[in-house]
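Just below is one structure, and these are the notes that go with it.
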Amino acid sequence: MKGAMPLRKEITLMREKVLDLARRIKETKDSELVEVHVQLLSGTILGSWALPRQSKVSDVMDRVSDIAEEGKAVSKLVFGDILDEDSTLEGCGIDEGDVLTVTFQPCAFRVTGAGAMEVNGYYAKSERVQNGAPVFINKNGIILFKYIMRRGTPYWYFTKDGHPADDSKGDYYRVQTDAASPPTDGWNTKSCPLGTGTCPAVQPMDVEYKPSPPPNGAVATDEADNLDLF
């Protein structure tokens with residue numbers, strides 16, 4: 001029995017060394033760069049990027065968005081199946097030299113003139129719907145969506161994607177209207193901490209989402225909002 005204790009310690013020490021080696025191997029593999037190629041449906045290579053294996057599919061989409069044709073947004077990436085944006089390259093089985101196929105969709109709106117520069121740009125329709133209206137997003141992660149206050153007053157907002165809809169801290173601009181699509185103008189920065197400088201103008205890119213005209217009077221003053229709470 002006396003010899004069992006040293007033997008047990010040796011086994012424990014050896015196990016720790018094996019686990020440490022496995023951890024270091026995994027860390028090395030995770031940090032290893034994988035070159036992926038992105039092609040159009042026609043087979044034409046659009047671009048190639050070297051990314052860590054643990055990069056997300058959304059990271060590839062961001063890079064493709066940077067070189068996309070003006071007025072177009074990345075719709076999806078395909079590697080056998082449509083890839084989940086939140087999945088990692090490794091999780092999708094993507095390895096060195098693999099080729100992904102990208103599809104694009106026309107953007108619904110072009111936004112210009114906003115003092116907060118990240119709000120400007122092209123907005124594509126996402127798969128999300130809020131208060132009966134589509135949610136639109138630009139490549140900077142700004143969403144354009146319809147929101148209804150607790151007392152029932154409807155608005156369209158420019159807000160940081162992922163920020164709680166009922167928290168104004170992520171808001172840039174808004175306009176009071178019950179329209180099914182965002183108005184061309186009339187936007188303001190009231191109760192929008194991130195809104196700076198001039199307010200945006202919204203230009204339709206697709207007749208399906210032709211913006212409604214700005215509402216009369218109430219747009220700039222937001223008088224009805226004096227009774228509303230987030």
Side-chain angles (χ1 to χ4, degrees), residues 34-112 114 117-147 156-163 165 170 172 179-182 184 200-212:
V34 176
E35 185 175 30
V36 295
H37 310 287
V38 178
Q39 67 177 11
L40 300 172
L41 288 172
S42 63
T44 301
I45 296 294
L46 189 62
S48 301
W49 294 271
L51 298 166
R53 290 181 182 275
Q54 294 305 309
S55 297
K56 292 186 176 181
V57 172
S58 60
D59 295 327
V60 181
M61 296 178 75
D62 287 344
R63 284 161 174 75
V64 178
S65 294
D66 288 338
I67 61 172
E69 180 183 344
E70 190 174 83
K72 297 290 182 67
V74 176
S75 174
K76 57 192 173 186
L77 283 175
V78 179
F79 183 65
D81 297 311
I82 297 175
L83 300 178
D84 183 347
E85 293 183 30
D86 292 327
S87 298
T88 63
L89 299 183
E90 183 178 45
C92 294
I94 297 170
D95 212 334
E96 176 70 22
D98 282 338
V99 180
L100 316 182
T101 300
V102 62
T103 61
F104 293 95
Q105 63 176 332
C107 292
F109 301 105
R110 183 187 181 197
V111 175
T112 59
M117 299 302 294
E118 60 268 34
V119 171
N120 294 320
Y122 293 93
Y123 283 73
K125 179 185 175 185
S126 72
E127 296 181 353
R128 289 175 280 175
V129 174
Q130 186 156 329
N131 293 305
V135 175
F136 304 92
I137 186 168
N138 75 359
K139 68 177 184 179
N140 300 320
I142 308 300
I143 57 172
L144 174 57
F145 73 104
K146 188 174 184 180
Y147 182 75
W156 276 87
Y157 272 91
F158 284 101
T159 299
K160 278 186 176 181
D161 192 18
H163 202 86
Y172 287 89
S181 57
T184 54
V202 178
Q203 174 188 350
M205 301 293 293
D206 189 319
V207 292
E208 182 182 356
Y209 302 113
K210 183 177 181 180
S212 305

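- Of the inter-residue distances, the one linking Gln203 atom CD with Thr184 atom OG1 reads 10.5 Å to the nearest 0.5 angstrom.
- Within the 3.5 Å criterion, the main-chain N or O of Gly170 finds a donor-acceptor partner in the side chain of His163.
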Enumerate, atom names and distances included, each donor-acceptor pair closer than 3.5 Å involving a side-chain atom of residues 67-82, sequence neighbours excluded.
{"from": "Glu70", "atom 1": "OE1", "to": "Tyr122", "atom 2": "OH", "distance (Å)": "3.2"}

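- The main-chain N or O of Met61 is found under 3.5 Å from a side-chain atom of Ser65 such that the two form a donor-acceptor pair.
- When all heavy atoms are compared, the tightest approach of Ala114 to Pro200 is CB-CB, 3.9 Å.
- Atom OG of Ser55 and atom CH2 of Trp49 lie 13.0 Å apart (nearest 0.5 Å).
- Using a 4.5 Å heavy-atom cutoff, the side chains of Val38 and Ile45 are not in contact.
- A distance of 8.5 Å separates CD of Glu85 from CG of Asp62, quoted to the nearest 0.5 Å.
- The list of side-chain hydrogen bond (donor to acceptor under 3.5 Å, both in side chains) pairs with a residue in residues 132-145, not counting sequence neighbours, reads Tyr123-Asn138.
- Two residues are said to be in side-chain contact when any heavy atoms from C-beta on lie closer than 4.5 Å; Leu89 and Asp59 fail this criterion.
- Using a 4.0 Å cut-off between charged nitrogen and carboxylate oxygen, Asp161 and Arg128 count as a salt-bridge pair.
- Counting heavy atoms from C-beta outward, Phe145 and Thr159 have side chains that approach closer than 4.5 Å.
- Rounding to the nearest 0.5 Å gives a distance of 10.5 Å between CG of Leu144 and CD1 of Ile137.
- When side chains are defined from C-beta on, Pro182 counts as touching Phe109, because their heavy atoms get closer than 4.5 Å.
- Counting heavy atoms from C-beta on, the side chains of Phe104 and Leu40 come closer than 4.5 Å.
- Within the 4.5 Å cutoff, side-chain heavy atoms of Thr101 are placed close to those of Leu41.
- Tested against Cys92, the residues Leu100, Leu83, Asp84, Asp98 include a single side chain to side chain contact (heavy atoms under 4.5 Å, CB included) partner, Leu83.
- Among all heavy-atom pairs drawn from Gly97 and His37, the shortest one is O-CD2, 3.4 Å.
- One distance of note links CZ of Arg110 with CE of Met205; it measures 7.5 Å at 0.5 Å rounding.
- A distance-only check finds a donor-acceptor pair linking the side chain of Trp156 to the backbone of Ala179 [under 3.5 Å].
- Taking CG of Asn120 as the start and CD1 of Ile142 as the end, the distance is 10.5 Å to the nearest 0.5 Å.
- A perpendicular orientation is assigned to the rings of Tyr147 and Tyr157, their planes being inclined by more than 60° (bins at 30° and 60°).
- Across Glu35, Glu90, Arg53, a single residue satisfies side chain to side chain contact (heavy atoms under 4.5 Å, CB included) together with Asp95, and that is Arg53.
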